[in-house]
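The block underneath contains the structure these notes are about, expressed in C-alpha cells.
In what follows, residues are counted from 1 in the order of the sequence shown. In listed order, ligands and their atoms are each counted from 1.
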Amino acid sequence: MIHEPPPPTLRLDVDIEALAANWRTLDTMSGPARTGAAVKANCYGLGVDICLPALRDAGAQDFFVAHWSEVEAALAHVPAKQISVLHGANSPAEVAYAKATGVRPVINSLHQARLWNESGGRACHLMVDTGINRLGIRPEDVGDPAIAALEIEVLMSHLSSADEDSDSNSAQQRALRELGNKIDAKSLSLANSAGIALGEDFVFDLTRPGIALYGGVPRPELEGRIRQVAFLRASLIQVADLVAGDRVGYNALFTADRAMRVGTVSLGYADGFLRSWGSKGNALVHEDRALPVLGKVSMDMIVVDLSEAPELQVGDWLEVPYALPRAAAASGLSQYELLTILGQRLRH
Ligand SMILES: *Cc1c(COP(=O)(O)O)cnc(C)c1O
C-alpha cells in the first residue's frame, strides 16, 4: 500500500477570509461598477482551487485568466460565461476550444477578430490598447468591419502606470471613454487594482483587480485597507553551535565572529526564497524575534542566527516576513513576483 506522506516542513497558508475581505474592499471602492478578479497564473501563485471559490463566494462573477491552459481549473468552480481569456484566441484550435467550452476570448487584434467572426462569432470581449503598447487593437482600428461584426460584451483597456501619479492615467481614461462612444459594447472596463484606487473616473462598469486581492498594496490609497493573504512558514531541520571563525553556506560568505547558535531552515530558492533575500540582512521571525539569514540561500535550505531564540529546536516553525509591500522593499522583487515565484513544495 502507498503510505500518506508525513507532514511537510514548509507551508504556504492562504487566509481566504482576508482574500474575501480584500475583494469586498475593492468592490466598495469600485462604487457602482461590478468587481471582477484576475485569477491568472494560478491566482498569482496562491492556488486557484483555494482562491477562486473564495472570490466567487464573496460575490465576484467575472474571472480573468491569461492562457487557455488555465481555463479547465477555473471551470471547476464557475460557469464558462464568467471566465475570460486575456490572451484571446489566435489560432483555430484556440477558437474551437473557446466555442466548445463557452469561455470568452478577449479579442486583441484584427486577426483574432476575423478568426472569431469566421467561426460564427458570438459573445466576446475586446481589448483596445490606449497606451501600454503591449496587447490590444489600436484605437484607429476600431472602425474596421471585423470589429464592427463582433458581439462585444466588455470593451476594455489596460493602464500602463496606475501605480504612479502619471499623466498617462487620465489620458488612457479619456481614450477609453471616447472609444466607448464609438464601439457598441455592453460594458467598459479599465481599472486593475491600482486603477481602482485612482477613483471613480477609472472604474467604468467593471473592475479587474488582481494583486490587491492577494495582499498587494500598489498605491498608498490602499494602505491599511488591504490585508495580508499569503503566509509563508518553514521549520528547522537542524540546529548547531558554531565557534568563532566557522563559516556558513556556499562560498563561505558568512563567518561567525563569536560562538553562536544557528538553525537550518527547510526553505530555499527552489521555494521562491531567492538568493537576493540572503544578501540584504533579511531575517525570519519567531514570536516577534528577528533571526537573520546567514550566508547564501541554497536550493532547499537557509541558515539563520538563533541568538535571539536559543530555545528553538528541530521541528519548530519560523515565519518568513511576507507582508508584500515590506517584503518587496526587502527583497528587491516586485509584490507580484513575490507571489508568482512561490514554489511547488509549498502546496499541499
Ligand atoms: C493582470 C491583469 C489585471 C490585474 O492587474 P493587477 O495589477 O494585478 O490588479 C487586470 N487586467 C489585465 C488585462 C491584466 O493583465
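Near Leu86, the atoms of ligand 1 lying under 4.0 angstrom from a non-hydrogen atom of the residue are 13 (C), 14 (C), 15 (O). Listed by atom number, the atoms of ligand 1 under 4.0 Å from Arg134 heavy atoms are 15 (O). Against a heavy-atom cut-off of under 4.0 Å, Met127 is close to the following atoms of ligand 1: 13 (C). If you number the atoms of ligand 1 from 1 as listed, the ones under 4.0 Å from a heavy atom of Tyr44 come out as 1 (C), 4 (C), 5 (O), 6 (P), 8 (O).
Residue, atom and distance of the protein heavy atom nearest to atom 15 (O) of ligand 1 are Lys40 NZ, 2.6 Å. Summary of contacts: the protein heavy atom closest to atom 9 (O) of ligand 1 is Ser193 OG, 2.6 Å. Residue, atom and distance of the protein heavy atom nearest to atom 5 (O) of ligand 1 are Asn192 CB, 3.3 Å. Of the protein's non-hydrogen atoms, Arg208 O, 3.3 Å is the one closest to atom 10 (C) of ligand 1.
The closest side-chain donor-acceptor pair between Asp27 and Thr35 falls under 3.5 angstrom. Of the N and O atoms on the side chains of Arg326 and Ser331, not one donor lies less than 3.5 Å from an acceptor on the other residue. Side-chain contact check for Asn90 and Gln112: at least one donor-acceptor pair (N or O, by modelled atom type) lies under 3.5 Å. For Ser298 and Asp300, the side-chain atoms include no donor-acceptor pair closer than 3.5 Å.
Residues passing the salt bridge (Lys or Arg N to Asp or Glu O under 4.0 Å) test with Asp241, sequence neighbours excluded: Arg261.
Residue pairs meeting the salt bridge (charged side-chain N to carboxylate O under 4.0 Å, His left out) criterion with at least one partner in residues 78-98, sequence neighbours excluded, do not occur; the list is empty.
Look at Asp144 and Lys182 and you find no salt bridge, because none of the NZ, NE, NH1 or NH2 atoms lies under 4.0 Å from a carboxylate O.
Contact annotation: for Tyr336 versus ligand 1, heavy atoms closer than 4.0 Å belong to the side chain alone. The side chain of His158, and not its backbone, has at least one atom closer than 4.0 Å to an atom of ligand 1 (non-hydrogen atoms only; side chain from C-beta on). Here Met156 has no heavy atoms under 4.0 Å from ligand 1, in either its backbone or its side chain. The proximity of Pro209 to ligand 1, defined as any non-hydrogen pair under 4.0 Å, is limited to the backbone.
Between Ala234 and Leu10, the shortest heavy-atom distance links the atoms CB-CD1, 3.8 Å. The minimum heavy-atom distance linking Arg275 with Val297 is given by the pair NE-O, 3.2 Å.
Not one N or O of Ala194 is nearer than 3.5 Å to an N or O of ligand 1, by distance alone.
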